[in-house]
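Just below is one structure, and these are the notes that go with it.
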Amino acid sequence: MDAAVRPSSTLSERSAFYERIGAHGLTPLWEVLGALVPPQPRSPVQAAHWRYSALREHVMESGRLITAEEAERRVLILENPALRGQSCITQSLYAGLQLIMPGEVAPAHRHTQSALRLVLDGEGAYTAVDGERTTMRRGDFIITPAWTWHDHGNLGNEPVVWLDGLDIPIVRFLDAGFAEKSPEQYQQPLRPEGDALARYGANMAPMDYQPRTWEPTRVFVYPFERTKQALLGISHGAPNAHEGFKLRYLNPATGASPMPTIGAYAQRLPAGFETRPYQSTDGTVYVCLEGSGEAAVGEQTWRFEENDVFVVPSWQPLRLRAGTDAVLFSFSDRPVQQALGLWREARL
Ligand code: 1HN
């Protein structure tokens, strides 16, 4: 080859050059190209598992340390071990365990971040979303879409704990975060409990309702009783090799995910059933709602039990095995990736 198309330089000439151009805010692409555009996802996220039986006492201790009012939200964040200090469980998602003690109120506010709750422990709490309350029962999946007013209260006599999932890192990435505190501690109910579910969640809708494509669902609670009934209702024949019996939560008016940034799923794995390895580009947070089993991600294997949380990074093959009949809830950024044409899966 012609020497003219094969310029050569010593390492020290190159680094002197990098230093000179650095002063002008420049850096060479060729030193970082492979990392910028990897042949397949290489997530910094680490697969990890949180055992609820080990966390519970710490969550309860936070209830003796600070009030819900003082904290605004009394939450212990589940931080990915590889992303400590960043308040996230994956690159795009936040997760935490929130505690509300009897008689407490977590004051009304709203923000551009979207949130989901999965009720884990205790009875008697409610969440109010834009003027309607819903009683929080174990396994219920409740959403507070972007910019909806929400507050929580505990009218019962035991501590209540739920998992919060938010799109905080997505909104942070886009520098699009706004928040507002309500002058009212809690919202006065504008409608009786059950109104939204009756109006939008009975395979029917108000006569004049025309949802916009990416509008979050007006159904803001998906009672576990219904989810469980649906999972049992499809539990005939052979379970899907990679999923068991799995359904996605949806906005009944559009068929899209309940909220534009977070997808949520529920699956049933019959006792002894083991899934084939499955990988997808949406790093996913799993919560065991019923039963027990094992999850294997790469070299790591955990035994999971009720209320345990585990996270599977993008493109890492996951295998699940149910010990006893298991029900798993999960959530991810899949709708975002799908809207952008990025989402991929592989069934191994
Ligand atoms: C939030 O509003 C809640 O409403 C929970 O319960 C956790 C974490 C960061 C920002 C807002 C809630 C949150 C949050």
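On a predicted model such as this, the values are computed, not experimentally measured, just so you know. Values below: all heavy atoms of this structure, side chains included; hydrogens, waters and symmetry mates excluded.
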Exercise. Of all residues at least two apart in sequence or in a different chain, which pass the salt bridge (Lys or Arg N to Asp or Glu O under 4.0 Å) check with Glu193?
Worked result: none

For this session: Answer yes if the ring centres of Tyr209 and Tyr200 are under 6.0 angstrom apart, and no otherwise.
Result: yes

Using distance only, find each side-chain donor-acceptor pair of residues 58-67 under 3.5 Å and give its atom names and separation, not counting sequence neighbours.
residue : atom : partner : partner atom : Å
Ser62   : OG   : Val59   : O            : 2.5
Thr67   : OG1  : Glu70   : N            : 2.9

Exercise. What is the distance from atom CG of Leu118 to atom CG of Leu289, rounded to the nearest 0.5 Å?
Worked result: 5.0 Å

Exercise. Which residues satisfy the side chain to side chain donor-acceptor pair (under 3.5 Å) test with Ser280, sequence neighbours excluded?
Worked result: Asp282

For this session: Sorted by first residue and then second, give each salt bridge (Lys or Arg N to Asp or Glu O under 4.0 Å) pair with at least one member in residues 8-27; sequence neighbours left out.
Result: none

For this session: Can you sort out the partners of Arg42 under salt bridge (Lys or Arg N to Asp or Glu O under 4.0 Å), two or more places apart, ordered by chain and number?
Result: none

For this session: Return the set of residues passing salt bridge (Lys or Arg N to Asp or Glu O under 4.0 Å) with Asp325 (not counting sequence neighbours), or none when no residue passes.
Result: Arg268

Seminar exercise, completed: Residue pairs meeting salt bridge (Lys or Arg N to Asp or Glu O under 4.0 Å), one or both in residues 202-212, sequence neighbours left out, come to Arg212-Glu215

Run the side-chain donor-acceptor check on residues 164-176: report pairs under 3.5 Å with partners two or more places apart or on a different chain.
residue : atom : partner : partner atom : Å
Asp164  : OD1  : Arg117  : NH1          : 2.6
Asp164  : OD1  : Trp162  : NE1          : 2.8
Asp164  : OD2  : Gln98   : NE2          : 2.7
Asp167  : OD1  : Ser114  : N            : 2.9
Asp167  : OD2  : Ser114  : N            : 3.4
Asp167  : OD2  : Thr261  : OG1          : 2.7
Arg172  : NH1  : Gln86   : O            : 3.3
Arg172  : NH2  : Gln86   : O            : 2.9

Exercise. Within a strict 4.5 Å, meaning less than it, do heavy atoms of the Glu290 and Leu231 side chains meet?
Worked result: no

Exercise. Should the ring pair Phe329 and Phe331 be called parallel, tilted or perpendicular, given that the plane angle runs from 0 to 90° and is split at 30 and 60?
Worked result: tilted

Exercise. Of all residues at least two apart in sequence or in a different chain, which pass the salt bridge (Lys or Arg N to Asp or Glu O under 4.0 Å) check with Glu184?
Worked result: none

For this session: Name all residues meeting the side chain to side chain donor-acceptor pair (under 3.5 Å) criterion together with Thr254; count only those two or more places apart in sequence or in a different chain, and write none if there are none.
Result: Asn251

Problem set entry | Check ion pair Arg137-Glu225 (N to O, under 4.0 angstrom) | no

Seminar exercise, completed: In short, side-chain hydrogen bond (donor to acceptor under 3.5 Å, both in side chains) pairs touching residues 236-246 with sequence neighbours left out are Glu243-Arg347

Just list the side-chain donor-acceptor pairs under 3.5 Å for residues 272-279, sequence neighbours left out, or say none.
residue : atom : partner : partner atom : Å
Glu274  : OE2  : Arg319  : NH1          : 3.4
Thr275  : OG1  : Leu320  : N            : 2.8
Thr275  : OG1  : Leu320  : O            : 3.4
Arg276  : NE   : Leu348  : O            : 3.3
Arg276  : NH2  : Leu348  : O            : 3.1
Tyr278  : OH   : Glu345  : OE1          : 2.6
Gln279  : NE2  : Trp315  : O            : 2.9

